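When reading the values below, keep in mind they use all heavy atoms of this one structure, side chains included, and skip hydrogens, waters and symmetry mates. Chain letters run A, B, ... following the sequence lines, proteins first, then strands; residues in each count from 1. Keep in mind it's a predicted model, so treat the numbers as computed, not measured.
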Amino acid sequence: MKKKVYFSAAFLTLLIAAVPASAATLGGKIAFEGRPPAIEKVKTDADPKCKMAHPDGLASDQVIVNPNGTLKNVFVYVKSGLEGKAFEAPKEPVVFDQKGCQYSPKVFGIQVNQPLEIVNSDDTLHNVHSLPTQSQAFNLGMPIKGMKLKKTFTKPEVMVKIKCEVHPWMSAWAGVLDHPFFGVSNEEGQFEIKNLPPGQYVIEAWHEKYGSQTQSVTVTDKDAETAFTFKAA
Amino acid sequence: MAKPSPSLYSISKTFVWFALVSLLLLGSLIAIVLLDHHRDWKNWQKKFIALKLEKTEKELKAADEKLDKKKIQDLRLEIARTESDLKAHQSERAARRKAAAALEPRLARAKARAQDLKQFQDSYKYFFEEYRVLGDRRAADFEKKLAEIAPRLTEAKADLEDLEKESEAKKAALEAFAQKEKDLQKALDQILQEKTRVEKKIANVKPSLAKDILNAPMLDFLHPSLQIQQIALDGLEDDYHFAKTQKVDRCTTCHLAIDQKGFEDAPQPFRTHPKMDLYLGAASPHPVEKFGCTVCHSGNGHSVSFITASHTPHDEAQAKEWVKKYHWREIEKWDAKMLPIQHVQAACAKCHRSVVEVPQADKLNRGRRLAARYGCFNCHKISGFEDRWKAGPDLRRVGSKVDREWVIRWLQNPRDFRSSTRMPQIFHLSNTQSPDEKNRDDAAIEAIAVYLMKNSETVELSVPPAIGNAEKGETFVKQLGCLGCHSLPGIKGGDAAAELSGLGSKVKPEWLYAWLKNPRHYSPNTRMPNLRLSDEEAADITAYLLSNCNDPFEKSAAPKARPEAVDQMLLDSMQGTMRHADAQKMLAGMTDEEKLEALGKKSIAHQGCFACHAIKGFEDQKPIGAELSNESRKDIHQFDFGFVDIEHSRRAFIAQKLRDPRGYDKGKVKAYYEKLRMPQFHLSDEEIESLTTFVLSLTDESMPLEMQKRPDLREAGVEKGRLLVSKLNCNACHALDGKTGALRALTEDPGAAPPILDGEGAKVREKWLHEFLKNPTPIRPWLTYRMPTFGLSDEETKTLVEYFAYLAHENISYKGAEVPETSPEKIEAGKKLFGQLQCAKCHEVNADSAAMGASFLAPDLTLAKKRLKPEWVKKWIEDPQTLQEGTMMPTFFADGQTPITDVLGGDAKEQIEAIRDYLYRYEAPDKTKGETREAKIPIANQAA
Amino acid sequence: MLESFKNFLNSVSSPVTIFTSAVLVFALFVTFPRQATSKPAGLAVLLLVLVFFGIGLTDEHFRTIVSTPDNVPIVGLIFLFGYFTWYAMRKAVINDRRIEKGEPTVEQAETNEKVLVFPYLIFIEFVVALAYAVMLVLWSIFLKAPLEEPANPTVSPNPSKAPWYFLGLQEMLVYFDPWIAGVLLPTFIILGLCAIPYLDRDPAGSGYYSFKGRKPVIIVYLFGFWILWILLILTGTFLRGPNWNFFGPFEVWDVHKVVPLVNVNLSELIFIKWLGVGLPKLWFLREAPGILTVLAYLVIPPAILAKTVFKNVFKKLGAVRYSILVMLLLVMVALPIKMYLRWAFNLKYLVAIPEFFFNI
Amino acid sequence: MKMNIGKFITESQLYKSMFRHGYSTSERDRALSVMTNVFFHLHPVKVRKSGARFGFTWCAGGLSFFVFLTLVVSGILLMFYYRPTVEYAYNDIMALREHVPFGIMRELHRWGAHAMIITVWLHMFRVFMTGSYKPPREFNWVIGVILLVLTMLLSFTGYLLPWDQLAMWAITVGSNMARATPFLGHEGPGAALLSLGGIQLVHAGSDVRFALLGGRFVGAAALLRFYILHCVAIPTAVVVLMSVHFWRIRKDGGISGPL
């Protein structure tokens with residue numbers, strides 16, 4: 001057992017050695033042009049617990065345009081340029097919560113074989129049904145508040161839909177990748193891809209409603225900025 | 001001494017001639033040897049060796065790169081050090097070696113002594129036994145000898161053992177010195193193992209002088225490295241017409257890597273066979289040692305040359321390429337030509353008989369489906385396909401449906417009315433283009449219309465109770481499931497049944513209404529099921545469907561039959577059976593209408609309409625098409641290519657026949673009734689290819705029984721069911737047996753789609769299924785699609801029940817609803833779990849849940865006890881995904897763990913059983929009566 | 001130009017034209033042996049045949065038939081026998097001239113000289129044998145022996161042909177029933193060949209080439225060999241296609257070719273066409289004219305000939321041998337007679353008694 | 001030195017026992033060459049000058065014999081590979097075509113057979129044209145005719161052996177004629193007359209064609225019969241008749257010539 005640890009540590013060292021010491025952060029902004037769509041309210045009547053959590057109705061989280069005119073929940077990742085390199089899956093899980101009858105995060109990235117910790121923080125029956133085409137699908141019923149389950153994806157796939165069969169409005173998207181170079185735009189419309197080794201890359205930005213866009217970028221050992229713009233339909 | 005004989009010619013000149021012809025002969029003999037030695041396949045093998053070498057060298061490089069160089073270096077140093085150590089102890093080693101050697105003679109002597117004594121003992125034993133039986137007195141002597149020798153032998157053996165032990169000890173002492181070196185060497189070998197293996201492989205493959213010599217002319221009988229490869233197939237035979245010989249395939253002589261992985265990208269002939277898990281692989285259902293090559297690909301397996309192997313190019317371009325590369329030419333005098341790759345699936349049917357669909361043979365299956373769709377089986381007898389249904393509608397009551405004018409317009413060219421129709425064009429084709437023939441066609445068309453109308457029964461039709469609402473009708477059509485089989489203009493649906501276009505220009509509202517209400521009322525054998533429409537629904541749909549008209553068609557001319565054409569045709573047809581004058585007399589006595597009816601009968605018989613349509617008066621007629629049961633082996637000379645300039649091969653003939661069925665009449669002088677009759681189906685190229693594959697699969701070639709895929713009882717039941725399923729078109733709605741339901745694909749919300757039926761046999765009770773199929777009742781009330789009533793016979797229902805059961809590897813039992821035995825505690829626990837897991841959230845259908853959308857509703861659990869099998873319910877609760885991939889039912893017991901630890905000790909298995917047991921006693925609360933769930937569970941009285 | 005030439009050849013060729021023109025050529029050859037065996041004439045004929053083959057080989061169909069492996073020997077045979085006939089005749093003509101002049105023939109001039117077999121004969125034999133072996137080996141190298149599909153009793157190739165050396169007999173089947181063409185005629189050929197030394201008893205011309213002194217004998221032999229044997233083989237091989245229909249040398253063998261079969265029997269000709277009455281019911285009445293004709297053919301000409309043209313022959317051979325000779329000759333001539341009757345009157349059988357398989 | 005070795009060899013007992021005489025141009029040696037050689041001894045020591053000329057004989061007879069020998073040798077080699085059964089015959093021939101070393105023997109044999117027919121015809125043609133059938137050679141001519149027929153039968157029987165369509169149907173066509181043999185063939189004139197108590201004696205199962213084929217059609221029995229006829233019966237007859245033929249040439253005065 002100890003030996004194994006030793007070896008994998010050595011392997012990791014090797015890996016790190018293989019990646020040039022100089023690595024940059026690729027940051028950027030997701031701009032949104034045009035009129036943001038009207039915010040839809042979803043009916044939560046069927047589940048009293050959900051209705052209780054959102055007495056005024058729940059806003060659809062499909063499109064969220066930030067106050068500063070940027071788009072939230074855009075998944076940005078390195079699409080190509082990393083071929084032939086292998087990256088160890090991190091041990092620490094991505095936490096995927098169900099709170100207030102909504103998934104959180106709505107959009108997230110995860111590495112292949114990285115654990116996904118699914119949490120139910122509501123006192124109602126929730127359900128996490130993943131719909132990947134490459135990996136094994138799972139469909140979990142989570143009736144108890146606070147219960148946690150762990151799952152992984154075994155093959156890269158952008159994007160995997162996750163939905164709830166009990167609450168039709170609930171859906172989330174996971175970008176499954178075999179490398180750690182991805183980010184999701186936040187409330188400021190900012191995203192960040194860290195520790196990107198210098199090289200030529202194709203970067204793709206994906207949004208649930210507005211589709212995807214790609215860009216070629218060259219990364220040196222200095223931090224770089226890039227930007228995507230999505231237009232209202 | 002006689003006078004010298006005269007000379008005839010100069011001898012020395014003859015020497016020149018002699019020398020010349022001798023040299024020529026020598027030259028030609030050398031030519032023979034060289035030509036004999038030069039074989040195409042050797043060149044291919046050499047090329048393959050080069051390829052393999054290149055590949056293996058890459059492998060070597062990879063193996064070399066993987067090696068831990070440092071470690072090897074260390075080990076080598078260590079070995080050298082040990083060796084020098086050993087040297088230091090030379091004298092001691094020598095002493096020990098000497099000691100060990102000194103023992104050897106003693107050991108040999110002891111061994112010899114023991115062996116000798118044993119010999120004597122055996123001999124004494126024999127004589128003693130022999131003499132004792134014979135009663136010879138010498139028996140006593142030998143008994144004595146035996147007794148004497150026994151202790152001596154024991155002693156000798158003991159001596160030997162002692163000596164052996166001593167010797168082993170000495171040797172071990174000697175070897176102890178070298179042990180360390182040996183261990184090190186072993187370790188080194190271990191590291192180098194992979195590299196050594198690859199190096200050995202290279203040495204095997206690599207050309208060498210020795211190999212060149214062994215491959216040289218006249219020496220290559222010894223042990224040549226280039227050799228013909230062959231697969232002798234024990235079970236398979238070549239049919240030499242009334243004589244059979246074992247099949248031998250030498251294809252692998254050139255296709256050297258056909259069953260080796262790793263040559264997927266190699267150029268031909270070295271490429272690996274695709275789909276190795278299906279073909280050739282040892283674990284595949286068709287291992288190469290058992291099936292070889294030509295049983296599927298056909299061609300000449302004995303051959304080792306490109307041309308005589310009868311390679312067949314798949315298109316013109318490849319043919320040209322081959323001519324260039326290999327001087328390819330078609331061998332005329334060889335019938336079993338290789339199947340061109342696009343039709344290779346035709347061979348599957350040789351063994352996979354009596355199955356509706358051959359697994360993975362998509363093109364062949366598609367060909368078969370198309371053959372059923374276009375009614376090929378109706379006109380052509382094909383053994384194995386006799387039980388197919390008529391492709392066209394019943395015309396015995398057609399007078400109630402359409403009028404004479406419509407039939408005339410329709411027969412002109414059915415595609416003018418509906419471009420997607422399956423009805424082929426019968427008249428006005430390429431071989432009836434002269435004015436006279438056109439007149440005859442028109443006459444035949446009207447005559448058929450007259451015949452059909454005159455010979456039609458009338459059906460009682462009822463008028464819709466109210467004028468329907470077309471808009472509502474459209475919704476119904478979309479929601480009830482009509483689209484599973486029918487398409488409509490602008491609305492994509494299934495294509496198993498007619499596209500519902502132009503009905504306004506075709507049928508009367510009363511007929512359509514009656515038809516929708518009960519199709520069997522009009523046509524007892526129709527495949528159209530009864531959707532149990534209410535009067536209002538039927539009226540609405542009627543209104544909707546009739547709103548679509550085909551104006552150009554309605555306005556188009558309906559040519560009248562010319563009397564002279566009618567007369568001429570009747571005369572022609574009567575000529576075969578009566579004299580001309582009699583025929584004329586008979587004709588003179590007929591009215592025009594009678595003439596038309598008579599001609600109609602003749603025309604229907606001639607064109608064979610009755611094969612696809614039920615027509616009064618033709619109940620026992622034999623269909624007109626040629627039998628195709630052995631079409632793939634029909635003698636090529638029996639195909640009449642006429643003046644059509646195409647390749648003279650079966651596949652070309654069949655494809656051309658399908659493309660232009662009357663085309664082979666081109667340029668021929670034929671009387672009207674002698675002409676080719678196969679109608680024009682207007683097939684696409686892709687359809688033609690599939691159908692050609694299908695026709696090429698028709699053979700009466702008998703394969704050995706053990707090679708054939710012979711269905712057992714269950715598989716036969718499944719096949720029977722598959723045929724019925726394809727007839728009823730269950731797959732139009734349901735996903736089942738590897739097919740996705742067409743309607744499911746059209747439905748956005750999977751919850752609103754017709755259910756998946758995979759595993760249905762394991763899921764539902766046979767008794768329930770039987771009743772349900774006979775008389776469907778809604779299970780999922782939120783679904784708008786309606787399971788129709790097919791009006792199945794008991795036999796058909798049984799076929800389907802067995803089909804589902806066998807498909808799910810279930811046994812058949814028509815027992816009713818058995819309730820699993822259990823204890824009240826367990827039911828109580830189940831009830832608790834039922835609440836905690838919030839099952840009712842989906843499974844209890846009420847207004848609130850319905851509001852969330854259909855996909856979040858689940859079947860009514862009160863039906864479960866009658867419907868479901870208890871074992872299945874357990875498995876289902878445990879892990880729904882494995883039973884039905886993609887189901888919306890989540891698992892609550894992920895990885896076999898329960899989220900609820902305080903019930904039944906947190907044992908998932910027990911909990912699941914408890915829920916199941918509870919379900920079998922569950923009845924939903926009737927909220928209208930103010931019932932609560934708790935009140936509805938009569939635990940006490942049921943558990944007892 | 002070439003096409004129209006080929007079409008012309010196709011249109012004029014028919015069994016009758018080919019047979020008749022061959023007979024004419026043959027007549028010319030034996031009437032004017034001196035001219036025919038001159039070198040220019042020989043070269044001209046050779047050139048003509050070569051040109052024909054040269055043109056023919058440009059035609060795909062002709063090429064296919066000629067280059068069918070088993071047909072190649074027949075092509076060789078045309079040249080070989082053509083040459084040797086010419087050569088033998090040439091030698092005969094030279095000898096004839098010498099005899100006319102009163103000189104001994106070439107062979108006679110050397111008749112008393114004897115040479116040693118070793119080396120003179122042996123060497124010739126060896127050189128020729130070696131050359132022959134070379135020829136065989138080259139032939140084997142350049143021409144693959146044919147191998148068609150495995151034998152299949154249920155599918156007969158169209159046309160089905162006998163080996164080429166029997167195709168003369170198969171061609172005769174067009175004109176005679178098998179019992180004559182396949183049994184009677186071959187038997188007569190063999191017997192006739194065996195009988196030659198006993199019928200041709202003239203000691204002149206033994207051991208040397210000559211023509212003049214043996215004219216009738218040689219003409220009969222050459223006629224039988226060239227016209228009734230080789231020509232029929234050539235027709236059967238190259239000009240008979242599917243259903244044994246006749247095809248021109250450059251005509252594609254179409255399986256579907258249909259030619260009218262309107263042959264009639266002599267009895268039908270006489271009773272229906274000429275007399276205008278129905279066929280008699282009894283076979284011997286019906287066939288009486290035919291039987292009488294055949295009998296007359298076999299009896300009357302020998303008698304007349306014995307008195308006229310063959311007077312000397314009759315005297316020399318005696319009655320028995322004379323009858324045999326005439327019988328053989330009559331049977332031989334019966335073939336061309338029947339051929340011409342067929343071509344001229346569409347005559348099928350002179351005697352037709354299908355009840356006994358007895359048709360002539 | 002070199003000469004000595006030559007001499008040493010030619011004067012050794014071993015050499016002399018085999019060759020007996022020298023190889024010189026002397027009359028005696030040349031005569032001995034023929035007389036002491038069993039093969040050459042077919043010939044007399046001396047022949048008529050005119051008869052020795054190629055232009056006279058065309059060597060057609062000699063070549064017929066030579067090609068016969070070639071056929072015997074190649075035929076024996078082929079017999080090692082060929083099995084006369086319907087299961088194997090075709091495969092064996094295909095093996096000769098595809099992979100058997102020196103499968104060209106089959107070509108040699110087939111073309112040799114065709115060549116033999118042509119040479120034999122040529123031989124007969126030459127003999128006729130030189131009037132060589134005339135006394136005293138009448139009977140040898142008759143033997144020659146028989147040999148010619150046998151040659152064609154040899155070729156005909158061999159034609160079936162590849163057991164392909166060409167073979168089977170050529171033999172079918174050829175043997176069908178036997179059906180019409182008068183009296184002996186079931187479709188021959190007169191066959192109907194041969195009956196005993198109203199029972200047909202000559203029918204498809206008893207006529208001469210049946211005897212030839214061993215069946216009603218060309219099948220396994222025919223293949224075997226033709227094989228044996230081809231490889232044993234007819235060659236034996238040919239060899240016997242050939243011996244007579246050659247012997248009579250000598251006895252009738254050698255190669256013919258003017259009297």
Side-chain angles (χ1 to χ4, degrees), chain C residues 73 77 80 84 88 105 107-108 110-111 113-122 124-125 128-129 132 136 139-140 143-153 156-157 160-163 165-166 170 177-179 182-183 190 193-194 196-198 203 205-209 214 221 356-358, chain D residues 30 33-34 40 43 45-50 52 54 59 62-63 66 90 93 97 104 106-108 110-112 114-115 117-118 122 128-134 138 141-142 145 149 152 156 159 162-166 168-170 173-174 177 180-182 187-189 192 217 256-259:
Chain C
L77 180 132
L80 206 63
F84 276 112
T105 62
E107 290 85 357
Q108 274 162 344
E110 296 179 328
T111 197
E113 285 182 74
K114 287 208 166 184
V115 292
L116 278 165
V117 162
F118 187 92
Y120 297 108
L121 182 56
I122 298 283
I124 292 177
E125 284 177 348
V128 171
Y132 198 73
L136 269 183
W139 186 359
S140 305
L143 197 65
K144 279 268 163 207
L147 185 64
E148 298 186 350
E149 286 168 67
N152 182 355
S156 63
S160 294
K161 291 189 176 183
Y165 36 85
F166 287 151
Q170 205 176 346
D177 262 19
W179 75 274
V183 185
I190 296 167
L193 283 172
C194 290
I196 288 177
Y198 305 99
S206 171
Y208 56 90
Y209 291 96
R214 308 171 55 208
Y221 180 82
F356 305 132
F357 300 110
F358 188 84
Chain D
R30 286 181 164 180
S33 299
V34 174
F40 293 176
H43 291 301
V45 173
K46 285 182 172 186
V47 287
R48 213 176 272 122
K49 196 172 178 180
S50 65
F54 178 75
C59 274
L63 284 182
F66 173 71
Y90 185 81
I93 299 290
R97 178 184 75 188
I104 201 171
R106 173 164 179 246
E107 271 79 20
L108 268 177
R110 191 177 186 105
W111 304 140
H114 287 327
I117 288 177
I118 294 175
L122 202 64
F128 182 87
M129 292 306 281
T130 57
S132 305
Y133 56 84
K134 300 200 173 190
E138 312 101 300
W141 165 268
V142 174
V145 172
V149 173
M152 294 210 282
F156 183 67
Y159 214 79
W163 201 245
D164 61 347
Q165 282 287 74
L166 189 66
M168 160 173 266
W169 288 96
V173 168
M177 297 192 192
T181 314
E187 284 176 11
F217 55 88
S256 74
L259 296 168

Which portion of C:V117 sits near chain D, non-hydrogen atoms under 4.5 angstrom: both
Exercise: identify the closest heavy-atom pair between C:L136 and D:A115: CD2-CB, 4.2 Å
Chain D interface, residue from C:I190, C:L77, C:I196 that has the most non-hydrogen pairs under 4.5 Å: C:I196
Under 4.5 Å from any heavy atom of chain D - which part of C:I122: side chain
Among C:P163, C:A162, C:P178, residue most engaged with chain D (heavy-atom pairs, under 4.5 Å): C:P163
From CG (D:L166) to NZ (C:K161), nearest 0.5 Å: 11.0 Å
Interface moiety of D:F156 toward chain C, non-hydrogen atoms closer than 4.5 Å: both
Separation between CZ of C:F166 and CE of D:M177, rounded to the nearest 0.5 Å: 8.5 Å
Geometric class of the C:W139/D:W111 ring pair [parallel <30°, tilted 30-60°, perpendicular >60°]: parallel
Minimum heavy-atom distance between C:V115 and D:A52, given as atom pair plus value: CG2-CB, 3.9 Å
Among C:L147, C:L121, C:I124, residue most engaged with chain D (heavy-atom pairs, under 4.5 Å): C:L147
4.5 Å side-chain heavy-atom contact, C:R214 and D:K134: yes
Gap between atom CE of D:M129 and atom OH of C:Y221 - 0.5 Å precision: 8.5 Å
CG-CH2 distance between C:N152 and D:W163, expressed to the nearest 0.5 angstrom: 10.5 Å
Atom pair CD/CH2 of C:E148 and D:W169 - distance to nearest 0.5 Å: 12.5 Å
Partner chain D: residue of C:S156, C:P157, C:P150 with the largest heavy-atom pair count (under 4.5 Å): C:P150
Gap separating the SG atom of C:C194 from the CD atom of D:E138, nearest 0.5 angstrom: 12.5 Å
Side chain / backbone / both / neither for D:Y159 at chain C, heavy atoms under 4.5 Å: side chain
